[in-house]
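First up is the structure itself, then whatever we jot down about it.
Quick note: numbers below take in every heavy atom, side chains included, and nothing from hydrogens, waters or symmetry partners. Note that ligands are numbered from 1 as they come in the structure, with each ligand's atoms numbered from 1 the same way.
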Amino acid sequence: MIKRKNILKIAIDSPAAAGAGTVAKALSKHYNLFYLDTGKIYRFIAYLKLKFPKHFDQKFIKLKIKSLKVKDLSNKILLSNKIGTEASLISRSKNVRKLVHDFQLNFAYNPPKRYSGSCLDGRDITYKIVPDADVKFYITANLKTRALRRFKELKKLKNKVTYREVVKSIKKRDKSDFNRKISPLKKTKDSLLINTTNLTKRACFLKLKKIIDKKKIINGNL
Ligand code: C5P
């Protein structure tokens, strides 16, 4: 695999709806980084399973991943609660994770030349996908705050879902993501813990920016 040298790599892990995606996008814009919300790949596979149940096998997923473009991942259909729950089930499979591994590696280590680096967020980014990232964050928030944020997002998208259903599905996903055998969500020792419960989007961005700028000064060449 080609690895670009002297690029800034940011790795973020977090449970669902903790604010990781929002801050990752803002940081990527600020530092000109290629951004990937890795959860969207699992959501994309979940979508394939629900849409093409008869064709859904290893070969089919492999083919779809091969032709997968970043813009395919921005389809709003992937944001539904149903697809999120299905993604959480699918992501427990070793075979599925194997299929998306290289896509993520290529994204992280070989971003297009016009970008100064990459920023990935997910569940196993800090220790499996980009273990040598320049800066690692573990972003979290309390359950009530996360559920409320996700509920508001889904309402905006006109999803017919109640707050209680969102709480239930986040709890279920947490249980599965933290406890699964393969690539569980965890905070690594070298990740900085950021609790966004009482932070505005702007405050969160500034907090992380301060940490990254400090690292950039220490590592000079980034
Ligand atoms: O981040 P998001 O909530 O969209 O992710 C959907 C699901 O995909 C998660 O609940 C998790 O099970 C799975 N996922 C994963 N590894 C990642 C990113 C997401 O297992 N790196």
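Not a single donor-acceptor pair under 3.5 Å links the side chain of Asp121 to the backbone N or O of Tyr35.
With sequence neighbours excluded, the residues that form a side chain to side chain contact (heavy atoms under 4.5 Å, CB included) with Thr126 are Ala11, Asp13, Lys136, Thr188, Ser191.
Relative to the ring axis of Tyr127, Lys186 places its NZ or CZ within 45° and under 6.0 Å from the centre.
Using bins of under 30°, 30° to 60° and over 60° for the plane-to-plane angle, the ring pair Phe60/Phe52 lands in the perpendicular bin.
Residue Ser183 holds its OG atom at 11.0 Å from CG of Asp177, rounded to the nearest 0.5 Å.
For ligand 1, residues of the protein lying within 4.0 angstrom by heavy-atom distance are Thr38, Gly39, Tyr42, Arg43, Ala87, Ser88, Ser91, Arg97, Gly122, Arg123, Asp124, Arg173, Asp177, Arg180.
Tyr42 is listed as a side-chain neighbour of Arg97, based on a closest heavy-atom distance under 4.5 Å.
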